[in-house]
Structures are given as C-alpha cells and as structure tokens.
Amino acid sequence: MGKKQAGTGPLSRRPDNSAFKQQRLPAWSPSLTAQTVLPTFYILSLVCLFLGIWLFITVENTYELKVDYTSAGTCERCFDLRKHAITSRTACKCTVSFQVPKTFLGDVFFYYGLRNFHQNLRRYMDSRDDAQMVGRKNNLKAPSSYCAPFDYDANRVPIAPCGAVANSMFNDSLTVMYNPVDGSEIQVPFYRKGIAWYTDKNVKFRNPPTNDTFTLQQAFEGTTRPLYWQRSVYELDDTDSNNNGFINDDLIVWMREAAFPNFKKLYRVLNRAQGPFTEGLPAGNYTLSINYNFPVEPFRGRKELVISMVTWFGGQNYFLPIAYLVTSGLVLVAAVILTTVYVKVGKKGKNMEE
C-alpha cells in the first residue's frame, strides 16, 4: 500500500493547536517600578565598589619592579652598537645595578618587557610557518611563502625557523647577581624550563624526528639560522639538550604574539631551593648582567627586566579594579539621577506640569 499523501490545502502548514506552538504558555512580565529599580541600582553600585576595592588592595599587595636597561649603566655602548646592522652580531656585554626595596615572598617571576614593539601587525603575525614548527621535514627545507623575505638567506639556504616572528626573537641573555651586605656576590638561580604553555610545548611545537644515531643538529642540516640570531636553533640552550630546537621554551614564549605594543613575556622563574632564596627574593642590592643582542633603536623602543610576584588574581594589573570602581561610580550617578527624577515628578507623573 502506498503512503498516504499529506494534505495540500490552505491549512496544511498551520502549527499544531498546542500551548507551546500557539504561544499560550504562562509568562511573567516584571513590573519596573521605582521601588524595584532604584534599590537594584544602589545594590549594584555597592557590589561593584566592594569588588573594585577588594581587587585594588590585592593588586597593591602584588609587588612588581621594573628595571629599564636600554641605555642604563654600562649599556650605552651596546645600545649604540645595535643601531647599525653591520655591527648587529658584534658581542657586547654590560651591567646595570638596581635595588629591591622590599622582599618578594613566595614564587617570583622574571619577565623581559618591550615597549613600542607591535607584534599584532597582520603581516608580521602571518610571517611564520606552523607546519615547519611541528617538525615536518618537507617544510624544514621548503619554507612557506608566508615567511618571505625571511624564508631563504642570500645563498638560497632555507631558514629554520623562518618568518619575521622568529627572526625578531628576543635574544638578550639576562643574569641577576645578588649583592648581600657582606660584600659577596650570589647568582640568582633560575628555572629555564616550564615557562611555556603546555599545549604549545607538546602540540604546536615539535622537533624533527631524531634517534640515538641521528642528532638534532643533523636533522637541521641544510638550513641556516635567522639573520639576527646569535646561535642556531639546535643550540639555543647549552645547559639542557632537551630544551633545543623548536621546543625551546624561550622560542615558544616569543612565538605567542602580544596584543599590545607594550608587553612583557615570561623569561625565568626563581629557583627557591638554593641559598638565601628559599623564602623568595630578598631585599637588597642587585646587579643585572646582559649579553646585549636585541636592538630597539629601529622602532624607538625600550626594554626592561620586570620582577613580579603572582597572586590568585595574577600579576600587577590595575585595569579590572579601576573598571569596577568606574562602573560603580557610573551606576551610582545613574541611581541618583533616577531618584531625583522620581522625587521631583512623583508617582505616575502626578507632579508634572501640564
């Protein structure tokens, strides 16, 4: 038997006669009166004020110290050397003295900060080869066209890693020395690994395949380092062979572009298992030693070492507390205006002049 054909009359597409499809479900429409709206505004203003003050106090208790070493101390000569491309690979070291006024208790994080460096430009962000960064052999020797003009060197040797992002990697080496009152000098111990996101370290960045007889250096044969690098990608960390190549933590941190021109990126974490640093970073005098490689004069920028502690709220950032306090003030002003209008006009507008 054939299937019965549905009706084709004018009522064939009419929805079923149900409460849902005919929109007869019970509904609730709030009655917005002065007795309900005005208390809501005042309560919302108080909540935002409480949150703003609470977050502001939290941020105030998060210590942060910035040391601008662009041309400070003995770094002026290095700053002048990096102005010209012809001297860009000339080794230069300098030192800057600074003071930590109060002890940083707990975990302490060291960042490098850059100012006026725009990582969020579209052409800059596209200038990379993600297939190369996951260790694919074909892309290692044949970089993506997106990397141009940083895909091959003058001799047509492929660059690894290619692109403007990798080529401009921050490559200053920073060492911090603690100078206690007894006149000695103690190097601040750092953790070099564990500073990158887990997904970046284990998914987005991988080295070419190696084994006991095929080293990482052999895997990168036939490629060359980026123009402004001091070392090849397979020898970025001379203290830990497992932190070389595309899985180097410093490289991974740099390859995650910043959204704003003034930013900081995690460089090291204090190792609290040694010396006088078990409780944190003690107050006192310090010396920052720099292998000065990264030029900032071409983009009129500055660079700095940022020392910070981290709470449940994160680092020292006043944006959210100020946003809550400003919102509280705006809501309070709106509540006062509505209250004034209500008192002047009266219920249902009975005091309005006709």
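None of the values given here were measured: they were computed from a predicted structure.
Comment: Glu297 does not engage Arg302 in a salt bridge, judged by the lack of any side-chain N to carboxylate O separation of less than 4.0 angstrom. One finds a salt bridge joining Asp130 and Arg128 here, because a Lys/Arg side-chain nitrogen approaches an Asp/Glu carboxylate oxygen to under 4.0 Å. Contact check on Asp126 versus Arg123 returns no salt bridge, with no Lys/Arg side-chain nitrogen under 4.0 Å from an Asp/Glu carboxylate oxygen. Using a 4.0 Å cut-off between charged nitrogen and carboxylate oxygen, Asp68 and Lys303 do not count as a salt-bridge pair.
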Checklist entry - Could you go step by step and tell me if Ser97 and Asn285 meet the side chain to side chain donor-acceptor pair (under 3.5 Å) rule? => result CA-CA 7 Å; Ser97 299; Asn285 297 318; over 6 Å; no

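The aromatic rings of Phe56 and Tyr318 lie tilted to each other, with the angle between the two planes from 30° to 60°. Note on ring orientation: taking the six-membered ring where Trp is involved, the planes of Tyr112 and Phe170 are parallel (angle under 30°, cut-offs 30° and 60°). Aromatic ring orientation, Phe50 versus Trp54: parallel (interplanar angle below 30°, classes split at 30° and 60°).
The one candidate from Asn243, Asn248, Asp237, Asp250 that meets the side-chain hydrogen bond (donor to acceptor under 3.5 Å, both in side chains) condition with Arg192 is Asp237.
Interatomic distance, Ile290 CD1 to Cys75 SG, rounded to the nearest 0.5 Å: 4.0 Å.
Here the side chain of Ser144 pairs a donor or acceptor atom with the backbone of Tyr146 at under 3.5 angstrom.
Taking the side chain as every heavy atom from C-beta outward, Phe109 and Leu270 never approach each other to under 4.5 Å. For the pair Ile53/Tyr324, no side-chain contact is recorded, criterion being any heavy-atom separation below 4.5 Å from C-beta on.
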